[in-house]
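A short write-up of the structure that comes next.
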Amino acid sequence: MTTAASVSTVPRTSAATTGGPATNRWVGLAFVSPALVLFLVFIGGPFVFAIVLSLYSWDLLTPAEFVGAGNFRTLFSDPLLGKVLTNTFLFAIASVVTHVVGALLLALAVNRAMNRAVSYFVRTAFFFPFLISWSAVALLFKYVLDPTFGLVSHYLGVVGISAPDWFTDPHWALPAIIGIDWWHTIGFTFVIMLAGLQTVPTHLQDAARTDGANAWQVFWHVTVPLMSPTLFFATIITFIGAFQIFDPMQIITQGGPDNATKTIVMYLYEQGFQSFQIGYASAVAVLVFVVIMLVTVVQFLLSRVWVHEQ
Amino acid sequence: MTHHDRTLLPPGGGMNRRTLLKGLGVAAATPALAACSGGGGGAASEGSNTITMMYNGDATQQKAFKALFAEFGKVNSKIKLVAQGIPAASWAAFSNTVATRIAGGQVPDIIQIATEGQRLFASKGLLTPLEPFIEKDRALVDGYLADIDPNLKKWNTEYASPDGKTYYMPGGYNTMALYAREDLFEKAGVDLPDKDWTWDDFRAAGERIKSKTGAFLVPAASGYFTDVMPWLTTNGASTFDEQWATPTFDSPEAVEAAEFVRGLVEDGLAPKPGGTYDAPTQMKQGKLATLGGGRWPTLNMRDLDMVDAVRIVDWPTKTQNGSPVGWDAWPITKASKNKEAAWEFIKFLISKDAGRFYAESGGTIVPARRSVAGSSAFTDDAPAGSLLLREAISYATPIPSPDRGAECQKVIEEAWLTIVSGNGAAADVLGSANDKLAALV
């Protein structure tokens, strides 16, 4: 009775105070308008502008010239495009795998019964690097991995290993930055995983154990399926973030050596603000949008196979 | 554009998939282009007697500039100067930043433009010819041009005037020499010459210093002006021909220079490149015998209380004396609505008083006026041998700066780094780099 009475009064009260559906619509619009304006000014507008600019040749300083699809034709015949896309996909895939697997393992470890103070300390410690700016992290690792004076080179030398030239050897530069990125951003994925892990109903795990499942079987057949929405979210977010990686490459290696760390967004920046080929850079931006969209769509389609909604 | 973007999304899912796709996809495509919109900071309005200018400088350099601007305010109280310091990592980067701001509507009245950007800016039709102003103050300008090195005057026409008109008043410059810590040479029993020492002498000195003191001889980095050009020019090489039209980066002399520097790294006389090497601090700690630089390391020496411990010496030579040279220049933009006031400021900059004041207050360049560069304003509280920086302009090579200078610089620095870090044979790497440079010009 009480519930029914409450439900019946809600629409009446709402209509009385807002003046009906038409007014509701305006009020709603008023609420979203700040966000809408920001979206149009900083995302929607530049997005449309980028598409338009991709059809022009413009060096910033002299008038733009319409070239139609010329920038895209040049882009797809650019010998560097394959290299930067390969670098970007390598970085993104490595980032997704190492972040998701690493963060899941860390979350499992931290989620085990342990002293509460220790648990909070460990969580904070893992998350802390994420709060540091990329600039500071990049400079820090230039010191840490310095081939002559760096801590890593020193301690590897102590155990008889000759450290590679992390940032000047084309074979090591990208792996080094993948490692730095992992250290810097694993905390975010870790927090997502920990939150997801804590939503897994323990009674289902207990039931599995009661039925004789061992630890691995509980993890693989109960925990992972129940965490699959979290894993999916982490995968999407990590991929999109990784695909747009720019800061560490720009600060540490400037895309070198021999373009070994040049990513697609860095290439976009170089074309736009070093070569002053704004139209061409816009074409690259459109390509970045399309690639991320396609990969995300594929991920969503694949998610129907492996993501289990609770 | 970084993983920080992840924080824009709520953790744990729950977002509508379509919204997620749209939001993230759109955000992905828009990274740099929003910066194209401008606003504010442009040339001052007509009749306001306010002029705006952009200059390159980190915090230390901005301090000296601000003192100079304050001095201008004292002698020209009717003109208000609004100056924007841009702490760019290189002159090419500074030129790019200024060009981007101009595209965004921020056109200043005056821009400090170094060699690396002078031809580019003049060729884009952004600057106003200075002839009418020069004519009006002929005596002052003639006096100034008579006091600067003839090369500077010649290069201002040769490299910064695509159509024969005068767009710039040349300012101070920088050449390259070595700052040498004398006590390390003494401990090693090596005489430190002011000049006339060869690469072989230099290397032999380094070997003795390394064995006697453990200190490195010299850093081996890949800065175009600071690390590449000194070795090239002292072997009669350069990155481009004199017209900056044809790359010469793969000449046998350039290959020899790169191999020499690589040899210093291989033999432990120079630290491996690729990390963060604070040369002035290392020198202060007695772990580095020499470091290259123009006037700017003098400020480091002052800060580290090492002015009396170091001496400036010529760069060692292989076939000839050599140094790159780059110079500031001051143009008035075509969009300026206060050209007369802007000219007043340029007149102030080229005056002897301003040159002296800037040199005394911590300027990081060699004053354009020889009379100032040879005076106590420049040599007081500076390492012995500072005058060698002034003299180097007589044999120096203008830093080759084609229109696509920033891209060329990147190619040159990457190639040099590849060689000195031991990741490629000098002839192959420079050959490949030369092809890239040819494509850029």
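Being a predicted model, the structure only gives us computed values, none of them experimental. Within every chain, numbering begins at 1; the chains are lettered A, B, ... in the order of the sequence lines, protein sequences first and strands thereafter.
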Checklist entry - Taking all atoms of both residues into account, what is the closest heavy-atom pair of A/Met266 and A/Gln254, and its distance? => result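 Closest approach of A/Met266 to A/Gln254, heavy atoms only: CE-C, 3.0 Å.
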Checklist entry - Can we say A/Glu270 and A/Lys262 salt-bridge, meaning some charged N sits less than 4.0 Å from an Asp/Glu carboxylate O? => result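 Here A/Glu270 pairs with A/Lys262 in a salt bridge, since their nearest N and O are under 4.0 Å apart.
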Checklist entry - If you tally heavy-atom pairs under 4.5 Å against chain A, which of B/Val420, B/Ile102, B/Asn423 wins? => result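 Most heavy-atom pairs within the cutoff with chain A belong to B/Asn423.
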Quick check on [X] against chain B: is it the side chain, the backbone, both or neither that has a heavy atom closer than 4.5 Å?
| X | result |
| --- | --- |
| A/Ser275 | both |
| A/Asp165 | side chain |
| A/Gln277 | side chain |
| A/Phe276 | side chain |

Checklist entry - If you count heavy-atom pairs under 4.5 Å between each of A/Tyr143, A/Trp166, A/Phe141 and chain B, which one has the most? => result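 Among the listed options, the one with the most contacts to chain B is A/Tyr143.
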Checklist entry - Between B/Trp91 and B/Phe94, how do the two ring planes meet: parallel, tilted or perpendicular, split at 30° and 60°? => result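 Because their plane-to-plane angle is over 60°, the rings of B/Trp91 and B/Phe94 count as perpendicular.
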Item to check | chain A contact via B/Lys287 - which portion, at a heavy-atom distance below 4.5 Å | outcome: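 For B/Lys287, there is no contact with chain A at all, as no heavy atom is under 4.5 Å.
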Checklist entry - Quick one: what part of B/Gln409 sits under 4.5 Å from any heavy atom of chain A, side chain, backbone, both or neither? => result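 No part of B/Gln409 comes within 4.5 Å of chain A.
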Next on the checklist: Is the positively charged end of B/Lys210 above the ring of B/Phe216, judged by distance under 6.0 angstrom from the centroid and angle within 45° of the axis?
Outcome noted: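 The answer is yes; both the distance and angle limits are met.
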Item to check | Positive for side chain to side chain contact (heavy atoms under 4.5 Å, CB included) with A/His99, one of A/Thr235, A/Thr238, A/Ile192 | outcome: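 Only one of A/Thr235, A/Thr238, A/Ile192 forms a side chain to side chain contact (heavy atoms under 4.5 Å, CB included) with A/His99, namely A/Thr238.
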Checklist entry - Given the side-chain rings of B/Tyr277 and A/Phe149, with only the six-membered ring counted for Trp, is the space between their centroids under 6.0 Å? => result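 Here the rings of A/Phe149 and B/Tyr277 have centres that are less than 6.0 Å from each other.
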